[in-house]
**Student:** 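Below you'll find the structure I mean.
Just follow the structure's listing: the first ligand is 1, and inside any ligand the first atom is 1. Predicted, not measured: the structure shown is a model, and the values here were computed from it.
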Amino acid sequence: MRFDVLTLFPNLVLPYFEDSILSRAIKDKKIEIHVHNIRDYSKDKHKKVDDTPYGGGAGMVMSCEPLFIAIRDVKTQNKGPVIFLTPQGETFKQEKVESLAAQKELILLCGRYEGIDQRVRDTLVDMEISIGDYVLTGGEIPALTIIDAVSRLIPGVLGKEESAEEDSFSASLDRMKEYPQYTKPEEFEGMRVPEVLLSGNHAAIREWRMKNRK
Ligand code: SAM
């Protein structure tokens with residue numbers, strides 16, 4: 001799956017893919033990440049990408065021109081929907097993760113400052129997603145959240161010992177949260193692992209887990 005990220009701060013995004021599961025997924029060609037600096041598309045001689053809001057008020061707004069040029073350019077290489085990360089968007093849930101994982105390509109647009117000119121949203125954005133009811137300084141963490149959650153549903157991204165099937169919010173757990181997990185030793189500082197998990201009785205274990213999910 002191909003992800004293109006448009007941001008003013010590529011260095012906030014790129015290091016995330018240098019380690020662990022997603023770096024392996026890139027090496028195994030399960031995912032492709034392309035990060036574009038919106039400033040590179042500014043025609044202004046000082047590479048300006050923002051301006052003051054019409055109507056007054058605090059802060060700056062990301063301007064139309066660099067965003068239109070950047071998005072149109074990326075769309076020549078990526079045919080997926082353009083997703084703008086914004087607190088005003090639809091709250092990101094596992095059902096959305098699953099529907100995005102069915103795509104082959106996604107374009108993620110990260111805002112900064114007070115956000116982006118509405119005309120970009122009206123014309124070039126297909127979908128708006130919020131990662132929760134709070135305000136961050138930029139859309140980079142939300143973009144990484146989407147890439148991470150979607151990538152782990154792509155076949156082959158998680159290793160053989162890992163599985164997304166019984167994770168919290170999965171359809172197989174009726175969208176509920178996962179049951180408690182334990183590992184060795186059987187007893188630690190007087191706290192024992194529930195006996196049923198040591199029993200080898202798979203039906204009883206399954207029943208205990210279903211009862212203890214949240
Ligand atoms: N003025 C905007 C508002 O009140 O909705 C907040 C702008 S925020 C400081 C700057 C950028 O961070 C936004 O354009 C968006 O891209 C990103 N952002 C902040 N919080 C977010 C969230 N909860 N979900 C998705 N993106 C978020």
Side-chain angles (χ1 to χ4, degrees), residues 1-17 22 31 33-42 44 46-75 77-78 80-103 105-153 167-169 175 177:
M1 181 159 182
R2 173 178 174 137
F3 300 90
D4 283 78
V5 183
L6 288 132
T7 170
L8 287 173
F9 297 98
N11 291 339
L12 292 181
V13 177
L14 289 164
Y16 191 67
F17 301 100
L22 296 192
I31 61 168
I33 311 287
H34 300 266
V35 182
H36 310 268
N37 190 338
I38 295 164
R39 205 172 290 282
D40 292 343
Y41 295 90
S42 172
D44 179 80
H46 302 296
K47 295 283 168 202
K48 197 166 148 57
V49 288
D50 58 353
D51 220 318
T52 50
Y54 276 120
M60 300 294 270
V61 176
M62 290 172 70
S63 318
C64 276
E65 190 178 68
L67 288 172
F68 267 78
I69 300 173
I71 296 168
R72 283 178 176 150
D73 182 53
V74 170
K75 276 166 87 70
Q77 303 143 55
N78 182 322
V82 176
I83 302 174
F84 175 49
L85 291 317
T86 167
Q88 298 136 43
E90 174 190 343
T91 306
F92 197 44
K93 299 239 169 83
Q94 192 65 19
E95 287 94 327
K96 191 72 175 177
V97 180
E98 289 162 10
S99 78
L100 293 182
Q103 301 273 346
E105 302 179 313
L106 293 177
I107 300 173
L108 300 159
L109 173 59
C110 306
R112 277 269 152 181
Y113 319 125
E114 290 310 316
I116 66 174
D117 191 298
Q118 183 64 32
R119 288 165 288 189
V120 180
R121 298 167 77 169
D122 293 343
T123 313
L124 292 173
V125 168
D126 300 303
M127 211 183 280
E128 298 195 335
I129 294 180
S130 162
I131 61 160
D133 291 350
Y134 41 80
V135 177
L136 302 167
T137 53
E140 289 75 16
I141 290 172
L144 290 172
T145 302
I146 291 180
I147 296 174
D148 190 298
V150 169
S151 294
R152 57 197 303 289
L153 296 190
D167 278 336
S168 298
F169 314 117
R175 305 283 178 205
K177 294 178 199 165

**Student:** To check you understand the geometry: which heavy-atom pair defines the closest contact between A143 and V5, and what is its length?
**Tutor:** CB-CG1, 4.4 Å
**Student:** Taking all heavy atoms of P15 and all of P10, pick out the closest pair and write down the distance.
**Tutor:** CD-O, 4.5 Å
**Student:** Can you check side chain to side chain contact (heavy atoms under 4.5 Å, CB included) on T52 and M60, steps first, answer last?
**Tutor:** CA-CA 5 Å; T52 50; M60 300 294 270; 3.8 Å; yes
**Student:** Return the minimal non-hydrogen interatomic distance between A149 and V97, and the atom names on each side.
**Tutor:** O-CG1, 3.3 Å
**Student:** Return the minimal non-hydrogen interatomic distance between P66 and K48, and the atom names on each side.
**Tutor:** CG-O, 4.4 Å
**Student:** Does any pair with a residue in residues 123-138 pass side chain to side chain donor-acceptor pair (under 3.5 Å), and if so which ones, sequence neighbours excluded?
**Tutor:** R121-E128
**Student:** Taking only heavy atoms of the protein into account, state which residues are under 4.0 angstrom from an atom of ligand 1, in chain and number order.
**Tutor:** F84, L85, T86, P87, Q88, G111, R112, Y113, E114, G115, I129, S130, I131, G132, Y134, V135, L136, T137, G138, G139, P142
